[in-house]
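Taking it in order: structure first as structure tokens, then the write-up.
None of the values given here were measured: they were computed from a predicted structure. These numbers come from the heavy atoms of this one structure, side chains and all, not from hydrogens, waters or symmetry mates.
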Amino acid sequence: MTTSSSERGVSLGMPELPAPAYPDDVRARLETDAREIIARYPDSRSALLPLLHLVQSEEGHVTRTGMQFCADVLDLTTAEVTAVATFYTMYRRRPSGDYQVGVCTNTLCAVMGGDAIFESLQDHLGVGNGETTEDGKVTVEHIECNAACDFAPVVMVNWEFFDNQTPASVKALVDDLRAGRPVTPTRGAPLCTFKETARILAGFPDERDGAVAAGGSAGPASLAGLRLAKGEASAARVVHPRDGGPHDAPQDRAVHDPSPTEHLSSHDAPQDTSASDPSNPAGPTAEEGE
């Protein structure tokens, strides 16, 4: 008795059908935008990254149709475009939500509570890493580093910062996103949808009122080294000591006392986080060689 290849689970390796084309009106609009992007570069191939953001802004992820479009306008092969689209994590390869909620799980954020945030968020929404809620609003993913260690643990929504997070605060955040309630990032521009974010990343202006003026995302702890490099006088401390004790400062220098509205470095901040409070102190540090 013989069995067929399908019964044995063997793929015949049939070639994939060509990607469907964009509707004529969509392609004409994208071609106009593409020409504007390509004109910024002396070598048209350099426009591939923003063009991938452009097609991502059309459908919310980079489709085979989008990659074929990029290949056509740049005179590249689809293999060349695919190699780039699959390398960078900011390009989505499957449908995703209006809001990409990324939880940093790199070392500092993880030990400060990022792992707990990520686990509780998945449980709260009933989705896994890279999955989207049934209403199409929120996609959850872990991020290796958000480059904001002084505000750990950090969560990003469509690449805007939400600092000093806890499991409870992130649950409230995604609940507000799903309910359509206003959500304001800790720093940076007002929040917009992932498609709108992708178009901005393609290099087109953010025309929302006040969006550009709301930029500027560095806090006092982030800028301390830059100020020292410029020879500017620095504060004795950027943040309060965790135990609330007195500051040690030179007699001729005023102690910096942050206002309630000023962001502090979360790994040495008095506000509560999910894993950095005085009731859970670190153990004793062993001497080298012990």
Pairs of donor and acceptor atoms involving the side chains of residues 106-116, under 3.5 Å and at least two apart or interchain, shall be tabulated with distances.
unit_1, atom_1, unit_2, atom_2, d
Asn106, ND2, Glu144, O, 2.5

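- Separating the OG atom in Ser46 from the CD1 atom in Ile37 is a distance of 13.0 Å, to the nearest 0.5 Å.
- Judged by distance alone, the side chain of Asn129 and the main-chain N or O of His142 form a donor-acceptor pair under 3.5 Å.
- Under a 4.0 Å N-O distance rule, the pair Glu207/Arg199 does not qualify as a salt bridge.
- Counting only residues at least two apart or on different chains, the salt bridge (Lys or Arg N to Asp or Glu O under 4.0 Å) pairs with a member in residues 38-50 are Arg45-Glu80.
- Linking ILVMFWY side-chain heavy atoms closer than 4.5 Å, directly or via other members, places Leu51 and Val26 in a single hydrophobic cluster.
- A salt bridge does not link Lys137 to Asp135: none of the charged side-chain nitrogens sits closer than 4.0 Å to a carboxylate oxygen.
- Cluster annotation: Leu30 and Tyr91 are assigned to the same hydrophobic cluster (Ile/Leu/Val/Met/Phe/Trp/Tyr, side-chain heavy-atom contacts under 4.5 Å, transitive).
- Contact annotation: the side chain of Gln165 never approaches that of Val154 to less than 4.5 Å [non-hydrogen atoms, C-beta and beyond].
- Transitive grouping of hydrophobic side chains (ILVMFWY, heavy atoms separated by less than 4.5 Å) brings Val127 and Val101 into a common cluster.
- Contact annotation: the side chain of Met67 approaches that of Arg93 to within less than 4.5 Å [non-hydrogen atoms, C-beta and beyond].
- No side-chain donor-acceptor contact under 3.5 Å links Ser57 to the backbone of Ala198.
- The number of heavy-atom neighbours closer than 6.0 Å to CD of Glu31, taken from other residues, nucleotides and ligands shown, is above 12.
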Could you go through Phe162 and Val170, starting from their C-alpha distance and side-chain angles, then the distance that decides it, and tell me whether this counts as side chain to side chain contact (heavy atoms under 4.5 Å, CB included)?
CA-CA 9 Å; Phe162 290 81; Val170 175; over 6 Å; no
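- Note that CG of Leu201 is 12.0 Å distant from CD of Glu196, once rounded to the nearest 0.5 Å.
- A salt bridge is absent between Lys195 and Glu58: the closest approach of a Lys/Arg side-chain nitrogen to an acidic carboxylate oxygen does not fall below 4.0 angstrom.
- Using a 4.0 Å cut-off between charged nitrogen and carboxylate oxygen, Asp72 and Arg27 count as a salt-bridge pair.
- For the pair Tyr99 and Arg178, the minimum side-chain heavy-atom distance is 4.5 Å or more.
- Aromatic pair Phe194/His61: centroids not less than 6.0 angstrom apart.
- Side chains of Ser96 and Gln100: a donor on one and an acceptor on the other come within 3.5 Å.
- Arg94 CZ: 12 or fewer foreign heavy atoms inside a 6.0 Å radius.
- With a 6.0 Å radius and a threshold of 12 heavy atoms from other residues, nucleotides or ligands, Asp24 has its CG atom at or below the threshold.
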